[in-house]
Amino acid sequence: MSNSSKIIVILGPTSSGKSSLAIEIAKKWNGEIISADSRQVYRGMDIGTGKVTQEEQAQVRHWLLDIADPNDDYNVSHFIRDAHMAFKDIVGRNKLPILCGGTGFWIQALIENHKLPNISPDPALREALAMKTREELFEMLEQLNPERAETIDRNNPRRLVRAIEIAQNQDKESSIRNTVPKIPPSPFPIPHSLLIALCPPKDILDARIQTRLEARFNQGMIAEVEQLHSRGVSWERLDAFGLEYRWISRFLRKILSLNEMKERLFFDSIHYAKRQITWIRRWQRQGASLHSVETPEEAFQETNEFMKKTTFDNTR
């Protein structure tokens, strides 16, 4: 069977081991990886996002890494457009596309071919919302669109403002048609797909998060944030990226001590992982055929069985 009729999707919380798993699967089954991570698209954001190294990228080709400037807006519309192009290139060379990342909303929108709202930016609304706190923005969104409020990063004012903008205008016809990138016809769903949710037990995941954060600090994560700011990325923009960039930027501005920063980052990362798992469970309840596993070994076995079965079924 041609690999063009298959796709592997790997999602899960931060520090679950998704990237390493995707690389091992790609090496065995002649695959290439399409990253579905809303922060790894940005250049210069390497250590804080857990981006795969240059050595790992040399082993397996990765798509949608380092394709945007940190000061630019790269959203789900851009992702779907670029993922479609990557998918077409990969299957055109009879390689296995592997979609891997922690931004579940992007993955769902791509796989289920969501119709995205063509809502133009509303400068007047944005100016008014800029005066509100994150808590006030979140409360507004809860009233306008409770379902979206359940999955959004409530600490990200840019996403909150955009979600409010869409919610208030989604029933209105946009006067500007070119604000959302044009998206080609979706190649999804394809005949054979395997969706794997890699979700380790909480105690194991928490320990991995702690170990990974320590390793990132040793690798120079604070210096990375300093360098981004020196290159013109504002403190406000860094804060909006959340997690490592939010808390380190506050440490660099002397809002927090080093120990306070590390403690808050750890607990924020744990809560972020919990939200990711909650989102995965919700998608399962909505009918997604997700194979939930606790270890990369289980996921690798699921993949091997899927690849062998689909090849066998096609030859019967």
Side-chain angles (χ1 to χ4, degrees), residues 14 35-51 64-79 82 101-103 105-106 119-141 148 151-166 179-181 213 216-217 219-269 271-272 275:
T14 182
S35 172
D37 188 292
S38 62
R39 301 190 305 169
Q40 290 187 4
V41 297
Y42 294 110
R43 291 183 288 272
M45 295 175 59
D46 303 327
I47 301 172
T49 65
K51 196 177 296 178
L64 309 194
L65 299 178
D66 301 321
I67 59 173
D69 184 275
N71 283 313
D72 293 338
D73 177 47
Y74 188 96
N75 57 42
V76 63
S77 300
H78 301 96
F79 167 72
D82 294 342
T103 307
F105 172 63
W106 284 14
I119 304 298
S120 303
D122 185 336
L125 175 62
R126 292 187 174 191
E127 184 176 354
L129 294 178
M131 305 300 294
K132 296 185 177 296
T133 65
R134 293 189 185 94
E135 291 75 17
E136 290 171 332
L137 292 172
F138 183 74
E139 289 177 5
M140 283 187 65
L141 182 60
R148 182 68 181 104
T151 60
I152 200 167
D153 178 3
R154 61 192 300 163
N155 292 313
N156 189 322
R158 284 195 178 204
R159 291 188 181 179
L160 289 167
V161 167
R162 180 56 179 163
I164 292 169
E165 192 171 55
I166 291 171
T179 56
V180 175
L213 286 175
R216 289 181 181 181
F217 280 116
Q219 292 165 6
M221 186 163 58
I222 293 177
E224 176 175 280
V225 179
E226 283 183 304
Q227 189 171 50
L228 285 165
H229 181 62
S230 70
R231 291 178 177 177
V233 184
S234 69
W235 294 126
E236 292 75 18
R237 178 64 166 157
L238 288 165
D239 199 271
F241 280 128
L243 296 174
E244 294 83 358
Y245 300 94
R246 171 176 298 144
W247 296 113
I248 292 176
S249 71
R250 293 182 184 183
F251 161 70
L252 293 172
R253 284 177 282 170
K254 303 187 185 305
I255 298 173
L256 300 170
S257 69
L258 180 63
N259 288 336
E260 287 174 327
M261 177 269 287
K262 289 185 175 182
E263 181 178 350
R264 294 197 185 188
L265 174 54
F266 173 62
F267 285 111
D268 199 11
S269 298
H271 293 151
Y272 176 61
R275 291 198 303 272

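Counting from 1, the numbers follow the sequence of the chain as shown. Everything quoted here is computed from the prediction, not taken from an experiment.
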Under 3.5 Å side-chain donor-acceptor pair for His78 and Asn75: yes
Glu260 to Ser257 - nearest heavy-atom pair and separation: OE1-N, 2.9 Å
Gap between atom CG of Leu129 and atom CE of Met131 - 0.5 Å precision: 11.0 Å
Expected output: side-chain Glu165 to main-chain Arg126 donor-acceptor under 3.5 Å: no
Between CD on residue Glu139 and CG on residue Leu160, distance to nearest 0.5 Å: 11.0 Å
Approximate separation, where rounding is to 0.5 Å, of Gln219 CD and Ile47 CD1: 5.5 Å
Thr49 side-chain N/O to Arg39 backbone N/O, donor-acceptor pair under 3.5 Å: no
Side chain to side chain, Val41 and Phe79, heavy atoms closer than 4.5 Å: no
Least distance between heavy atoms, Leu213 atom then Ser269 atom: CD1-OG, 4.1 Å
Least distance between heavy atoms, Leu243 atom then Tyr272 atom: CD1-CD2, 3.6 Å
Check against side chain to side chain contact (heavy atoms under 4.5 Å, CB included), Ile222 and Met261: CA-CA 11 Å; Ile222 293 177; Met261 177 269 287; 4.1 Å; yes
Sole candidate of Gln40, Lys51, Arg43 that passes side-chain hydrogen bond (donor to acceptor under 3.5 Å, both in side chains) when paired with Asp66: Lys51
Pairwise distance CG(Asp122) to CZ(Arg162) - rounded to 0.5 angstrom: 10.0 Å
Separation of Ser38 OG from Leu64 CG (nearest 0.5 Å): 12.5 Å
Geometric cation-pi criterion, Arg237 with Tyr42: 6.0 Å, 45°: yes
Donor-acceptor pair, side chain of Glu244 and main chain of Met221, under 3.5 angstrom: no
Full working for side chain to side chain contact (heavy atoms under 4.5 Å, CB included) between Tyr245 and Leu228: CA-CA 10 Å; Tyr245 300 94; Leu228 285 165; 3.6 Å; yes
Distance-minimising heavy-atom pair for Arg246 and Ala240: NH2-O, 4.2 Å
Validation row: Ile164, Lys132 side chains within 4.5 angstrom (heavy atoms): no
Stepwise side chain to side chain contact (heavy atoms under 4.5 Å, CB included) check, Glu226 with Leu252: CA-CA 8 Å; Glu226 283 183 304; Leu252 293 172; 3.4 Å; yes
Point-to-point distance, once rounded to the nearest 0.5 Å, from CD1 of Ile248 to CG of Leu265: 6.5 Å
